[in-house]
Amino acid sequence: MTAIPSTSARPPAAVSTSGAKKSTKKHRRTLDMTLPSASDSSSLTGHAHLLATKWMSPAKLAELIASEGLVYKKGKFSAIEIKQINDAIENYRTTRNLSEEDVNAIIFPSDEKQRDAVFWSELSSAVSERPIIAVYHYVRRARHPMKGQGKWQPEEDAKLIQAVTSLGQQWENVARLVGRMATDCRDRYRNHIVNRDKRVSGPWSSAEEEKLTQIVVDMQKGKDLDNDIFWGKVSEMMGGTRTRQQCRIKWTDSLSKRYKADGQSARWSSRDSFILIHKIDSLNVRDDTEIDWKTMQDPQWNLWSAHVLQRRWLTMKKGIKGFEDMTHPEIMDILRVKNADVPHAKVVKSAKFVVDSDDEEPRAGSSTGPGTSAGQRKGDSSDSDSE
DNA sequence: CCTCAAGGTAAGGGTAATTTTAGTCC
DNA sequence: TGGACTAAAATTACCCTTACCTTGAG
């Protein structure tokens, strides 16, 4: 079965760069790039070699994108890349006859003398579209001995609070006292400890929703990118009652859509499933972790956020019996059949998606108009409390 | 000294798995 | 009236990139 989509795996799904394939490379300063080195027995292209050997800052990368048409990949590491990295580590270990501990010592050297640049270059070569610095950060996190310890216990919170009180935001030192990774301590602190007593959880009141919309819309004035918003600041402006994560999710998954659609909120229909499946299909990825959900969004298509689309995909996938043991192409084969027909009406490629009657029928009173349903949660004391 | 690349740490920005809540159907 | 199901909303652990700093080689 399977019938692999063939289509030869297109080039890297790489992002960045805006056309302009190379040009004169008179530019060069210090980089002394050994470009297409004839010795490409390594099969590395000039850019890949550059990415795998030079520790370039974001500014430098941006410069090369502009001047050279450099292309590199950003975002989450896919399952395939992770495997490539792990294989490369294992390969490095066995060819040099090293033990696991030796490798750990390379990844987390106890003193400068143990640094091993060759190691990092070799790993980066295994994932040719990633800059060495990205691989470095990824591996250090993925292999950290204190990673992944699950839910925070009250005692840990207490330790954290104490450590921060006495040390300040020196996360590496705090981490030693708490027994968690520095970045996890930082996250716990900013996402759960700060303003803990002011925190509100549960459904948003319509007053809160209005306030958030107001704040975000104001901050966006003049810019047109959602990510020009500093969510920490937004949280502050909400009076510290909602965290940056709460604000961000509320906005991107719900309010922004409602705002752009003039107060309407659409419901997912089988037609949307149809469109989604076909969009995914056209990507020809070998694995769903390779999908970049942001590219799936389409202003012509209901304003679904990347997050919603991703969740929708997961729901569909999990609806297939035995999906755990299937490959992505196999799953797609099934979903393609299940969603073979566009529910009457043409594929709505057009404009605003006027919710005419439509199979899924949005009405049903549901939909929380700006304040219907659960809505208000009464003034519940707070609410006023200025700010 | 001075410069600059390597590499360590913190801040900024983000995602996705899981849990909770709210409808809907029978 | 209430259990089973499902979709939407909320929560939070976990992740990646960028900014900034320190260090040591040349």
Side-chain angles (χ1 to χ4, degrees), chain A residues 16 29-32 53-62 72-77 82 107-109 111-117 120-121 130-142 144 147-152 168-175 180-192 199-204 209 225-235 242-250 252-255 265-269 288-289 292-294 305-315 318-319 360-361 364-368 372-375:
Chain A
S16 81
R29 72 182 289 116
T30 65
L31 290 176
D32 169 28
T53 56
K54 299 296 176 186
W55 294 67
M56 296 181 281
S57 65
K60 176 76 73 189
L61 284 167
Y72 74 98
K73 191 158 176 243
K74 296 175 85 161
K76 210 162 163 47
F77 280 70
I82 290 171
I107 299 172
F108 302 102
D111 74 90
E112 300 77 42
K113 294 279 73 109
Q114 288 182 277
R115 287 176 183 168
D116 184 349
W120 296 110
S121 289
R130 297 280 186 175
I132 191 169
I133 190 81
V135 173
Y136 173 82
H137 282 313
Y138 167 73
V139 172
R140 298 252 302 182
R141 166 169 257 283
H144 198 288
K147 87 175 292 268
Q149 295 183 50
K151 281 206 172 298
W152 280 71
Q169 328 242 100
Q170 297 176 40
W171 302 113
E172 282 300 325
N173 293 329
V174 167
R180 291 256 191 174
M181 280 173 62
T183 145
D184 290 345
C185 290
R186 190 279 308 248
D187 283 348
R188 181 67 188 177
Y189 191 75
R190 69 176 170 169
N191 292 332
H192 303 278
R199 280 294 146 67
V200 173
S201 60
W204 287 60
E209 293 186 341
L225 292 178
D226 282 1
N227 55 11
D228 272 326
I229 295 163
F230 295 172
W231 295 103
K233 196 154 297 167
V234 170
S235 169
R242 295 286 185 174
T243 67
R244 69 187 186 103
Q245 286 172 302
Q246 287 176 302
C247 293
R248 179 163 199 294
I249 301 269
K250 188 66 190 175
T252 57
D253 281 7
S254 149
L255 296 182
S265 45
R267 286 180 76 77
W268 188 262
S269 71
D288 62 354
T289 58
D292 177 356
W293 295 98
K294 279 198 284 291
S305 70
H307 189 190
V308 166
L309 294 176
Q310 199 268 341
R311 264 190 335 227
R312 274 293 163 185
W313 155 254
L314 231 50
T315 304
K318 287 182 178 170
E360 300 286 291
E361 259 291 10
S366 63
S367 81
T368 67
T372 341
S373 70

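Numbered from 1 within each chain, the chains take letters A, B, ... in sequence-line order.
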For A:S201, does its backbone N or O pair with a side-chain atom of A:Q246 as donor and acceptor, under 3.5 Å? no

Side-chain (A:R244) to main-chain (A:N191) donor-acceptor, under 3.5 angstrom: no

In whole angstrom, give the distance that lies between atom [atom1] of [X] and atom [atom2] of [N].
X: A:R186; N: C:dC15; atom1: CZ; atom2: C1'; answer: 10 Å
X: A:Q170; N: B:dA11; atom1: CD; atom2: C1'; answer: 15 Å
X: A:K73; N: C:dT17; atom1: NZ; atom2: P; answer: 10 Å
X: A:D253; N: B:dT15; atom1: CG; atom2: P; answer: 10 Å
X: A:N191; N: B:dA11; atom1: CG; atom2: C1'; answer: 13 Å
X: A:W171; N: C:dA19; atom1: CH2; atom2: P; answer: 21 Å
X: A:R190; N: B:dA10; atom1: CZ; atom2: C1'; answer: 10 Å
X: A:W204; N: C:dT11; atom1: CH2; atom2: C1'; answer: 12 Å

Interatomic spacing from OG in A:S235 to CZ in A:F230 - rounded to 0.5 Å: 14.5 Å

In chain order, what residues pass the salt bridge (Lys or Arg N to Asp or Glu O under 4.0 Å) check against A:R186, with sequence neighbours excluded? none

When we call it a touch if two heavy atoms are under 4.0 Å apart, what does [X] touch: a base, just sugar-phosphate, or nothing?
X: A:R248; result: base
X: A:R199; result: nothing
X: A:G150; result: sugar-phosphate
X: A:A134; result: sugar-phosphate

Is any side-chain N or O of [X] under 3.5 Å from a base N or O of [N], one able to act as donor and the other as acceptor?
X: A:D187; N: C:dC15; answer: yes
X: A:R115; N: B:dG7; answer: no
X: A:R244; N: B:dG12; answer: no

Please determine whether a side-chain nitrogen or oxygen atom of [X] lies at a distance below 4.0 Å from atom OP1 or OP2 of [N].
X: A:K250; N: C:dA10; value: yes
X: A:W152; N: C:dT12; value: no
X: A:K147; N: C:dC15; value: yes

Specify the residue among A:N173 and A:W55 whose closest nucleotide of DNA chain B lies further upstream toward the 5′ end. A:W55

